[in-house]
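All values below come from the heavy atoms of this structure, side chains included, with hydrogens, waters and symmetry mates left out. The shown structure was predicted, so the numbers you read here are calculated from the model rather than taken from an experiment. Throughout, protein chains are lettered first and strands after them, A, B, ... in sequence-line order, and every chain is numbered starting at 1.
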Protein chains: 2
Amino acid sequence: MDMSPFQIPPFQNASDVFFKALQEHAHSQKYKKGKILFVHEDRANFFYVIQTGWVKLFRETIDGTQSIVDILPAGHLFGETALFTQNLSPYSAEVIEPGIIISIPLKILKKEVESNNKLALDMLASMTRYRHQQDREIEHRTIQNAPQRIGCFLLRLTDQNKSGPAIIHLPYDKTLVAARLGMQPETFSRALAKLKEKTGIRIKGATVELNNLDQLSQYSCAACSSEFPCKDLQAAK
Amino acid sequence: MDMSPFQIPPFQNASDVFFKALQEHAHSQKYKKGKILFVHEDRANFFYVIQTGWVKLFRETIDGTQSIVDILPAGHLFGETALFTQNLSPYSAEVIEPGIIISIPLKILKKEVESNNKLALDMLASMTRYRHQQDREIEHRTIQNAPQRIGCFLLRLTDQNKSGPAIIHLPYDKTLVAARLGMQPETFSRALAKLKEKTGIRIKGATVELNNLDQLSQYSCAACSSEFPCKDLQAAK
DNA sequence: TCTTCTAATTGACTTTGGTCAAGGAGGAAT
DNA sequence: ATTCCTCCTTGACCAAAGTCAATTAGAAGA
């Protein structure tokens, strides 16, 4: 099995024993769009690493209203927090862009994290990053309006240090981007039009073109406590 | 120095060396309402434990708009994530209800967490709890309306397993509760009135009386993906 | 007790986003 | 090409929350 996906945080410092266990017990599989990997409050025996594709983490109320916990690209892992919650899944997970996902028994991770303090520290660092990301998310929901949130979302999809024109592709359906940003599809559609009018971006389907990031960042980052460019994106690399 | 505040998560498993270092370097002090402990993006050399009182963690934009990261009661620690962010404070901290706060050099914690795997695991568990709390926060901001959010807030202040009448005291100013819940003071005021009308609670200043939790939980928890009573509150104890 | 200041409420109005319903655009399969 | 289906957009309307301004209630101090 290809081990390259494990060159990602937080597994740089995992032991050979861990990687050997992976070779034996990790299971890599291709999934179609729409595949539900597990549901909220299921017993969790695995955690997952996304090799390609996108995964949506979400929960829903009795009446079916969904709330998106996160939408993750390749290179991310999820479900690992079940280690610390009596093996109960804190959310449901669905594949939204087809891809290959590796499932790994939590037991392996548990053993490793209990014996390898380096890994534990790396996980702490990665949890900290996630925590701050959520802090920012909550902040943006309260102080940014819909067009600003979209602008911020776009800016975070591109290399913020490049100057000059840029082309940004939406990584998944607009409906989902809307949900990810906590708004209705109709609102998203109208807000995108407003963003276009305010910042001069050009939109064609799932593609957004802009002459430079300045107009966009000025418009969106005015309602953010951090400066542009976003420091956390640098740190992630 | 009284060590009782350190019988809290995540320090149950810290070493004697750690506690000895605390005795030497931890500093306990009484602060007035309004005292700023540190500012967003300051260099962080300490983390803090609240012995009594309440602390607000927040950030603000250039134009002064504040967003509340969290409001913490006695028994909680904060500022510890700076360990993993090049010692930069991820938020500002202000005392909002006077009390005693212990400041501890991050170095001590760093040393301990790097050498004591048990502590690292406990911190991971506590980070996980926090992460899920934030997940819930984001969820509530999107699917609960203002009166429901207040109801949920109240329910989380009281023992959810007791039946019969209950009295709940707001732990800090209404203006702050409003900010904590991501709404304007005016909205809070009106939403509280609506909650009263819908659930029959009785409000007198900062005191809320109710005959039982049923009406309130039915009203608020309808727009939540978790069941009443809230499991995470149990787990925290 | 009286004054002063801040917190909280209330009213009138505006803005934003949500809801419901109807089309339209684009891709995949036939 | 044609059909079908899903995603997206648009319009008309509504509901929720924000804003601005005026008042009131309550707590702290003189």
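Taking the six-membered ring for Trp, A/Tyr91 and A/Phe78 have ring centres at least 6.0 Å apart.
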(request) Can you check each nucleotide of nucleotides 5-18 of chain D against protein heavy atoms at under 4.0 Å and return B for base, S for sugar-phosphate only, - for none, in 5' to 3' order? (result) --SSSBBB----SB
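The distance between atom CZ of A/Arg141 and atom P of C/dG17, rounded to the nearest whole Å, is 12 Å. Whole-Å rounding puts the A/Leu181 CG to C/dG18 P distance at 11 Å. In this structure, NZ of B/Lys204 is placed 11 Å from C1' of D/dG26, rounded to the nearest angstrom.
In the model, A/Gln66 has a side-chain atom that pairs as donor or acceptor with a side-chain atom of A/Lys56 under 3.5 Å.
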Side-chain donor/acceptor pairs under 3.5 Å, residues 203-214 of chain A, sequence neighbours excluded:
| residue | atom | partner | partner atom | Å |
| --- | --- | --- | --- | --- |
| A/Thr207 | OG1 | A/His169 | ND1 | 3.3 |
| A/Asn211 | OD1 | A/Arg202 | NH1 | 3.3 |
| A/Asn211 | OD1 | A/Arg202 | NH2 | 3.3 |
| A/Asn212 | OD1 | A/Asp214 | N | 2.9 |

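Contact of the A/His27 side chain with the A/Ser103 side chain is registered, since non-hydrogen atoms from C-beta on lie closer than 4.5 Å.
Using a 4.0 Å cut-off between charged nitrogen and carboxylate oxygen, A/Glu137 and A/Arg131 do not count as a salt-bridge pair.
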